[in-house]
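To find a chain, count down the sequence lines: A is the first, B the second, and so on, and within it residues start at 1.
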Number of protein chains: 2
Amino acid sequence: MTAQAKSGCPINLALELLGDRWSLLIIRDMMFAGKRHFREFLQSEEGISSNILTERLARLLACGIVTRADDPDHKQKAIYSLTAMGIELLPLLAQIGIWGNRHLPASTAHAGPAKALEQGGSALIQAMQAELAQAHLQQGG
Amino acid sequence: MTAQAKSGCPINLALELLGDRWSLLIIRDMMFAGKRHFREFLQSEEGISSNILTERLARLLACGIVTRADDPDHKQKAIYSLTAMGIELLPLLAQIGIWGNRHLPASTAHAGPAKALEQGGSALIQAMQAELAQAHLQQGG
DNA sequence: GCAACCAGTTGTATTTTGCAATTGGTTTGG
DNA sequence: CCAAACCAATTGCAAAATACAACTGGTTGC
């Protein structure tokens, strides 16, 4: 599953895992939209295909960024959760959003979170990380 | 050249430009290794192909992250420079490096910059951005 | 003037992605 | 109790992106 690394540079290693069009959008949906189910990711505005979603979730699972658990209330549903390693991606997602919002034609409807993160600084990020930990890190989740 | 955006989300827009295995490595090389020439990018450890490099440089050029100028001292050489928009990617690159260094098996030989950025905080980032501006933003460069 | 160097380009094989239809099973509503 | 809707995927195929190697026309250094 994991191809051998082309270099030991931390930026390269991170990009080998997350450097594609979809992986970080999935994590964005977990962080900012509270999505936890396969079907929810599928319904995102960008329109990921189900086979790509399956493959990306498997990869994120394999490298320890998310976990997968059965929904106790619904035998068919799987609940995807962020790990501590995944929650630590928030500052990175925040920088992507801030930069995109500054330099690209983001729609005002979507600009809210980026704007808030830009003004809230590290205090807001830490608060959001605490909330995510609360929602995702519950024993076994 | 620019495909239509799948959504106006700033994270999505940024990922449509930079969400691939190579674009951010090129910018990393400009920021941390001082590379400015086609041949230098080609010699990076990860081994980008020349056709991919050509295409990525063209894209970064088209969206205003880098500029291209003729080397006054060498008719054949092209000098690639970061724009202000490109220099503002440093906080993003920094977060990628910090996260990669914390969670992935980065080699000690490559970990230096990430470690420094983690400890130096925003003061270091601002200092580095000032240096990059000095080197890349000289009138017309 | 010849070898090394420069920024690419070309051609082809391989891999990844996108898209649509489908699967086997579960839950919901009447 | 049965049908329709929902669930997380899987399959097959076409299209696009990527990797790899060879090559191009021109420039520079010795």
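- Which of D:dT27, D:dA8, D:dT18 sits closest to the side chain of A:Arg68 comes down to D:dA8.
- Minimum atom distance to the side chain of B:His37 is reached by C:dA7, of the listed C:dT26, D:dA9, C:dA7.
- Remark: P of C:dG25 and NZ of A:Lys75 are 13 Å apart, rounded to the nearest angstrom.
- The distance from atom CZ of A:Arg39 to atom P of C:dG25 is 17 Å, rounded to the nearest whole Å.
- Projected onto DNA chain C by closest heavy-atom contact, A:Gln76 and A:Ser49 fall at different nucleotides, the more 5' of which corresponds to A:Ser49.
- Defined by atom type and a distance below 3.5 Å, a donor-acceptor pair is missing between the side-chain atoms of A:Glu55 and A:Asn51.
- Taking the nucleotide of DNA chain D with the nearest heavy atom to each of B:Ser50 and B:Asp20, the more 5' of the two is matched to B:Asp20.
- Distance A:Phe38 CZ to C:dG25 P: 18 Å, rounded to the nearest Å.
- Out of D:dT28, C:dC19, D:dC7, the shortest distance to the side chain of B:Lys6 is found at C:dC19.
- Comparing A:Asn51 and B:Gln43, the nucleotide of DNA chain C nearest to each residue sits closer to the 5' end for B:Gln43.
- Which of C:dT17, C:dT9, D:dC7 sits closest to the side chain of A:Glu55 comes down to C:dT17.
- Here the side chain of A:Tyr80 is nearest to one of D:dT18, C:dA7, D:dA9, namely D:dA9.
- Contact check, A:Trp22 against C:dG18: a side-chain N or O comes under 4.0 Å of OP1 or OP2.
- Across the protein-nucleic acid pair, B:Ile48 atom CD1 and C:dG8 atom P stand 13 Å apart, rounded to whole Å.
- In this structure, A:Ile79 atom CD1 and D:dC7 atom C1' are separated by 13 Å, rounded to whole Å.
- With 3.5 Å as the limit, one finds a donor-acceptor pair spanning the side chains of A:Ser23 and A:Asp20.
- Residue A:Arg56 places at least one side-chain N or O closer than 4.0 Å to OP1 or OP2 of C:dT17.
- Rounded to whole Å, the distance from NE2 on B:His74 to P on C:dA4 is 15 Å.
- At whole-Å resolution of the value, CG in A:Asp73 and P in D:dC7 are 14 Å apart.
- At whole-Å resolution of the value, CZ in B:Arg36 and P in C:dC6 are 16 Å apart.
- Closest approach of A:Glu16 and A:Arg59 over heavy atoms only: O-NH1, 3.5 Å.
- In plain terms, the two heavy atoms of A:Pro72 and A:Ile79 that are nearest each other are CD-CD1, 4.4 Å.
- Under 4.0 Å is where a charged nitrogen must lie from a carboxylate oxygen, and between A:Asp70 and A:Arg68 at least one such pair does.
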